[in-house]
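Here is the structure we will look at.
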Amino acid sequence: MSSLTLYDTLSRSVLPFVPIRKGEASIYLCGATVQAPPHIGHVRSAINFDILGRWLTKSGYKVTFIRNVTDIDDKILNKASHEDLTWWALAMKYERAFASAYDALNVIRPTYEPRATGHITQMIQLMQTLIDNGTAYAPGNGDVYLEVRKLTSYLTLSRQKLEDLQTSTDSDASFKKDPRDFAMWKAAKPGEPSWPTPWGNGRPGWHLECSAMAHTYLGETFDIHGGGLDLVFPHHENEIAQSQAAGWPFAKTWMHNALVTASGEKMSKSLGNSMLVSAVLERVRRIELRWYLGSAHYRSILEYSPEALDESAVAFRRIESFLERASKLLGHNPVPVLGQSLIEAMNDDLAVPLALAHISEALREGNVALANSDLALLEQKSNEIRGALEVLGCDPYDPAFSESGEVDLREALDGTIELALKQRQSARDRKDFAASDEIRDGLAALGIAIEDTPQGPRWSITHTEER
RNA sequence: GGUGGAGUGGCCGAGAGGCGAGGCACAGGACUGCAAAUCCUGCUACACGGGUUCAAAUCCCGUCUCCACCUCCA
């Protein structure tokens, strides 16, 4: 059996995954700054790393997964004044929006989900350590900076040279010893929330919280640190800088998901091209959005278009409909089984597109088995397909995807439609095709598609108008 | 200016020296009262120009185009 390899941004190569603690895997993922509702780029990141977590779990590791919530920062303060809310009310509002989007898309909840504001003590301790050892300084205005020239190594992840960085145009640069020094802690402006520190009242800078929280929950070193590709610099570089300056080895492997683009450009709120999760869920079902966002390789750009989304949803319905027909013929639901080809694909740096090709193949073979009523083969193929879907977090039998009340409704509907199908069958038996087609067309107009199979007619809801 | 990534058939999208990934669309066929679904067959592509090699989408050199990051970003 093959074993897991993952692409590591630090070494720029695919390396075998060797856990620090045998049988365990620790992951820290940079979560959201909760200042606006989630768009599909945000949840893509969560889904990509959810697939990683699921695969590690399937592979037998005990996974500790941390995903933080940044609940204090400049944008949150700005937005709060615009929305006429307190900063904490705004942060909670959007934290909940993210949480419900993650739940809707069947992203497994992290082991712990720490908030920045809950870890001020740990941040102050870290700053104290760095000030004591001379890598950080408090110039007296309430800010605390990290002095990047004191570091033995810096910019190893993005492979840049300090001299090549375009210098910041910050107006407060006057307190910095070097314009490239970055703020770990920001002095409070009048009216802003603040926490007391030995260097004055203020609030955390963005980078400090992740160093402090990763250390709190995962210790001085852990297996995987993840995040979006846009976080490599400065965020992750600065996390490394702070943590290693404190003497912590920090993350062993760095993984970055590629971004979602629209019209060739990065999806972001400021560009005005972001597709909110809530808006996209008007178009496709939750499981279909998950399938779409998870089906690209995590290191490939995903270019969003409504057409691509629709196409992906149609492809997923084919699989779903196969499983439905298979379980009907088998008399029970498929049991998730990991096929060898799926295992190899996933172990190869989570090669989801390759896994998809294997699903397509199994689907074709399964359909043949269905046509021939080859129950043994049908069982095998449907089990493997369900196993693959489960790894991708897109198992149609997962209760996470069942709509409330759907089951009861479906049963009632089933009886009603069976009645209509019986009428249609008797019309067909007397070759009264006008009457039989009238029944089929009538059902179609109600959003019920009828297909005649060797096992008799089957019905399904046409999903186009749904959710 | 610096640092990365990318360009593959009508479209999407894997692969990374030699065996046509896969999907969608399209065309033909099988099945069907018709349709749908399903299956079978067809569609031989790797930005451009050089080079290395018995063999290049893959390696090397050069060029073009696009994207991301350079202290707000997932």
Side-chain angles (χ1 to χ4, degrees), chain A residues 9 12 29-33 35-36 38-49 67 70 73-75 78 98 148 155 157-170 173 179-183 205-207 226-235 237-238 256-261 264-271 295-297 299-303 305 307-308 310-312 314-315 318 321-322 325 345 348 351-361 363-368 370-372 428 431-434 436-437 440-441 444 449-454 457-458 460:
Chain A
T9 309
R12 302 274 157 79
L29 173 64
C30 284
T33 300
Q35 50 104 4
H39 62 61
I40 57 174
H42 294 122
V43 292
R44 182 206 183 171
S45 178
I47 289 170
N48 286 157
F49 285 97
R67 186 185 60 218
T70 299
D73 95 320
D74 290 347
K75 281 198 170 177
N78 283 337
F98 270 85
V148 294
L155 308 180
L157 191 64
S158 59
R159 300 197 176 182
Q160 299 174 99
K161 288 183 188 141
L162 203 53
E163 308 79 65
D164 292 337
L165 294 184
Q166 289 177 355
T167 49
S168 151
T169 50
D170 285 9
R180 298 169 194 91
D181 291 350
F182 62 87
W206 180 33
H207 317 301
L229 201 53
D230 52 350
L231 300 186
V232 172
F233 183 88
H235 186 51
E237 291 288 12
N238 291 351
H256 292 95
N257 63 279
L259 306 179
V260 178
T261 61
E265 283 184 316
K266 171 182 172 176
M267 185 165 287
S268 78
K269 207 164 162 287
S270 48
L271 286 171
S295 60
H297 186 90
R299 287 195 282 124
S300 297
I301 288 171
L302 178 62
E303 166 74 13
S305 74
E307 294 76 22
D310 290 346
E311 188 185 296
S312 161
V314 168
R318 269 187 81 212
S321 126
F322 163 74
R325 283 173 288 148
D348 180 11
V352 173
L354 209 56
L356 259 43
H358 293 308
I359 292 176
S360 293
E361 205 170 304
L363 183 63
R364 188 171 40 75
E365 289 167 351
N367 273 318
V368 171
L370 202 56
N372 301 336
R428 291 179 77 198
K431 306 243 184 259
D432 183 357
F433 296 121
S436 85
D437 287 351
R440 187 172 63 196
D441 294 345
I450 302 303
E451 291 161 19
D452 294 312
T453 74
R458 63 179 289 269
S460 58

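Naming: A, B, ... by sequence-line order, numbering from 1 per chain. Remember, it's a predicted structure, so these values are computed and weren't measured experimentally.
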Most 5' of A:A296 and A:R428 on RNA chain B, judged by nearest nucleotide: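 Its nearest nucleotide lies further toward 5', so the answer is A:A296.
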
Where each residue is assigned the nucleotide of RNA chain B containing its nearest heavy atom, which of A:S321 and A:G226 is assigned the position nearer the 5′ end?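 Looking at the nearest nucleotide for each, A:S321 comes out on the 5' side.
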
Which one, B:rG4, B:rG23, B:rA68, comes nearest to the side chain of A:S360?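 Nearest nucleotide to the side chain: B:rG23.
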
Nearest to the side chain of A:E451, heavy atoms from C-beta on, is which of B:rU71, B:rC39, B:rA37?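 Taking heavy atoms from C-beta onward, the closest nucleotide is B:rA37.
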
When you compare B:rG2 with B:rA16, how far apart are their C1' atoms, in angstrom units rounded to a whole number?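 That atom pair is separated by 28 Å.
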
Is [X] close enough to [N] that one of its side-chain N or O atoms is under 4.0 Å from OP1 or OP2 there?
X	N	result
A:R318	B:rU38	yes
A:K266	B:rC69	yes
A:R364	B:rG22	no
A:S300	B:rA14	yes
A:R67	B:rA74	no
A:S436	B:rC34	no
A:N367	B:rC39	yes

Send over the distance from [X] [atom1] to [N] [atom2], rounded to a whole Å.
X	N	atom1	atom2	value
A:L231	B:rA74	CG	P	6 Å
A:Q160	B:rC70	CD	P	9 Å
A:L302	B:rG13	CG	P	8 Å
A:F433	B:rU32	CZ	C1'	10 Å
A:D441	B:rG33	CG	P	18 Å
A:L363	B:rC39	CG	P	6 Å
A:D230	B:rU71	CG	C1'	13 Å
A:N257	B:rG4	CG	P	20 Å

For [X], which contact category applies under a 4.0 Å heavy-atom criterion: base, sugar-phosphate, or nothing?
X	value
A:D437	base
A:R458	nothing
A:L370	nothing
A:T33	sugar-phosphate
A:G41	base
A:H297	sugar-phosphate
A:V43	nothing

Determine yes or no for a side-chain-to-main-chain donor-acceptor pair under 3.5 angstrom, with A:R12 supplying the side chain and A:L157 the backbone.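 Yes; judged by distance alone, with no hydrogens or angles, the pair exists.
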
Report yes or no: does A:E237 contribute a side-chain atom to a donor-acceptor pair with the main-chain N or O of A:V232 at less than 3.5 Å?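 Checking the backbone N and O of A:V232 against the side chain of A:E237, no donor-acceptor pair under 3.5 Å is found.
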
Answer yes or no: side-chain N or O of A:D452 and base N or O of B:rC31 forming a donor-acceptor pair under 3.5 Å.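 Side chain to base: no pair present.
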
Using a distance-only criterion (donor-acceptor N/O pair, under 3.5 Å, no hydrogens), is the base of B:rC34 paired with the side chain of A:R440?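 Answer yes: a donor N or O sits under 3.5 Å from an acceptor.
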
Could you tell me which nucleotide pairs with [N] by Watson-Crick or G-U wobble geometry, both distances under 3.5 Å, or answer none if nothing does?
N	value
B:rG10	B:rC24
B:rC69	B:rG2
B:rC48	B:rG62

Any non-hydrogen side-chain atom of A:T261 less than 4.5 Å from a side-chain atom of A:E303?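 A side-chain contact exists here, since the closest heavy-atom pair is under 4.5 Å.
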
With a 4.5 Å cut-off on side-chain heavy atoms, are A:N78 and A:Q35 touching?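 No, every pair of side-chain atoms sits at 4.5 Å or beyond.
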
